[in-house]
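Below: the structure, in structure tokens.
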There are 2 protein chains.
Amino acid sequence: MVLTLEKIKTPPKVSDIAYKALKERLLELDMSQLSDEGRLDERVLAKGLGVSRTPLREAINRLVVEGFLKVVPRKGIYVVRKSKQDVIEILLVRAALEGMAARLAAQYVTKTDIKKMKAVFSRFDPLNMDGKYAEYADANIEFHEFILKTSRCGKLIEMANSIFDHMRWIRFRAVAFEGRIKPIHQEHLKIINALEKKDPDLAERRIRSHIEGLAQYIEKEVDFLE
Amino acid sequence: MVLTLEKIKTPPKVSDIAYKALKERLLELDMSQLSDEGRLDERVLAKGLGVSRTPLREAINRLVVEGFLKVVPRKGIYVVRKSKQDVIEILLVRAALEGMAARLAAQYVTKTDIKKMKAVFSRFDPLNMDGKYAEYADANIEFHEFILKTSRCGKLIEMANSIFDHMRWIRFRAVAFEGRIKPIHQEHLKIINALEKKDPDLAERRIRSHIEGLAQYIEKEVDFLE
DNA sequence: ATATTGTATTTGGTATACCAAATACAAGAC
DNA sequence: GTCTTGTATTTGGTATACCAAATACAATAT
């Protein structure tokens with residue numbers, strides 16, 4: 001052998017592409033204004049994506065398992081609507097998962113990690129956050145992903161990511177942030193503090209109440225979820 | 001209309017039957033002795049179940065999403081083997097979910113509930129448990145399902161059940177019980193006690209350490225997981 | 001005998017044909 | 001006009017045909 005070669009990437013499956021495309025469209029969909037009761041047409045979708053029904057159905061089934069779609073036999077495919085109760089339950093699960101993640105993270109976290117996360121938030125002035133919602137939303141995501149990653153628990157990361165998709169789907173981010181961005185920021189700093197102290201109980205408690213606080217806010221203030 | 005009729009149940013889909021049958025076979029499978037490296041053959045399975053490939057593939061895909069099977073493009077379908085690390089991670093997630101469930105359960109639990117659960121365990125004499133492993137295993141399942149149910153959180157129940165399937169699959173129940181059945185029983189009673197006191201923090205902590213204890217035991221004593 | 005290589009077979013992936021249930025709708029009865 | 005009811009259409013569900021990649025294997029050269 002005179003040639004040094006590297007493995008070439010296996011060509012992607014059509015069903016995978018269809019899945020990603022369909023999920024993307026779904027996530028950017030505004031549920032609150034769906035025509036036809038959120039009904040989808042297999043054949044139309046297949047035509048639209050330029051694939052046959054078989055791989056498309058595979059994609060649909062995956063989305064059904066994930067809880068984004070619902071198939072009613074011989075009736076149709078429907079976009080699943082989330083009730084306020086659904087959102088609360090999702091947040092409770094998220095609190096449970098991230099709480100455990102924080103516990104583990106407190107065990108593994110390094111000084112470098114802490115420094116990095118502090119840097120992410122140091123760009124924000126707690127007294128002047130107006131107009132920085134979008135920017136802070138990014139930092140927020142980075143923060144929560146940091147905790148997950150630092151937990152070093154693949155299963156936890158996997159399940160939390162699945163939950164995140166549902167969170168993204170429900171477009172209350174903006175409304176949930178407005179007016180709450182200051183306390184949220186303080187909570188973030190407090191959580192980092194607990195991690196720095198390597199206190200699992202404290203870290204868990206703080207991130208749990210952080211997320212449960214969001215749930216309580218939704219419960220009280222949000223009303224566009226039927 | 002002179003006849004009073006009730007809705008008839010919609011006929012089950014072939015893919016559903018295939019899914020259930022396949023999953024059942026999988027769960028009763030002893031992974032530690034798989035020929036052919038746990039490879040499955042689509043066409044053989046289809047023939048065996050008496051269905052065509054299409055609904056079978058749907059069933060397979062569901063099992064892939066659930067983490068029981070893995071499909072390697074143009075190679076084959078394989079049974080996923082769980083490493084010790086996988087099991088530990090699953091138990092951590094379970095601890096997180098059931099911990100939150102216990103928290104909620106402490107909030108909702110009634111005196112009747114407590115009485116019922118105490119009755120389940122009162123059949124056992126802590127000093128003489130020998131030969132009651134199977135019986136106690138049933139009580140154990142009933143206990144954990146009770147907490148989930150009492151949490152009244154559908155999402156939590158759903159995700160925990162998915163985890164349970166994986167637990168069932170890994171056949172360490174007998175070995176995990178032997179010699180540990182007494183402390184396990186004590187822990188169960190302690191958890192019920194915390195619920196009775198309606199103390200969410202205590203209930204959460206106790207059930208978490210209960211499950212984490214199992215994880216530590218597996219870590220130390222179990223060695224048949226590669 | 002061993003190594004190479006062309007070929008048949010097997011595998012999962014995809015497209016398509018067909019079915020039965022659900023539905024829409026129009027023709028006919030009143 | 002309204003109500004029935006038969007029929008065409010549309011839907012998701014299933015079976016099957018076909019493809020390309022992977023593999024097994026036999027024929028061949030050395």
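In what follows, every chain begins at residue 1, and chains take the letters A, B, ... in the order their sequences are listed. A quick note: this is a predicted structure, and the numbers were derived from the prediction, not measured.
Under the 3.5 Å distance criterion, the side-chain polar atoms of A/Glu89 are matched with a main-chain donor or acceptor of B/Lys155.
The CG atom of B/Asp41 sits 10 Å away from the C1' atom of C/dG12 (whole-angstrom rounding). Following rounding to the nearest Å, A/Asn61 (CG) and D/dG13 (P) show an atom-to-atom distance of 8 Å. Counting to the nearest Å, the P atom of D/dG12 and the CD1 atom of A/Ile60 are 8 Å from each other. Rounding to whole angstrom units, CZ of residue A/Arg53 and C1' of C/dT14 are separated by 13 Å. Protein atom NZ of A/Lys75 is 16 Å distant from nucleotide atom C1' of D/dG13, rounded to whole Å. Protein atom CZ of B/Arg74 is 7 Å distant from nucleotide atom P of C/dG13, rounded to whole Å. Going from atom CZ of A/Arg57 over to atom C1' of C/dG13 covers 16 Å, rounded to whole Å. Rounded to whole Å, the distance from CG on A/Leu56 to C1' on C/dT14 is 12 Å.
Candidate nucleotides D/dT16, C/dC18, C/dA15 were compared by shortest atom distance to the side chain of B/Ser52, and D/dT16 ranks first.
Taking for each of B/Thr54 and B/Arg43 the nucleotide of DNA chain C with the nearest heavy atom, the 5'-most of the two is the partner of B/Arg43.
Using a 4.0 Å cut-off, some side-chain N or O of B/Ser15 falls inside it from OP1 or OP2 of D/dT14. Using a 4.0 Å cut-off, some side-chain N or O of B/Lys13 falls inside it from OP1 or OP2 of D/dG13.
Note: A/Phe68 and A/His166 have parallel aromatic rings, judged against thresholds of 30 and 60 degrees for the angle between ring planes.
Once rounded to the nearest 0.5 Å, the distance linking CE of A/Met159 with CD1 of B/Ile90 reads 9.5 Å. How far CG of B/Asp113 is from CD1 of B/Ile147: 11.0 Å, rounded to the nearest 0.5 Å.
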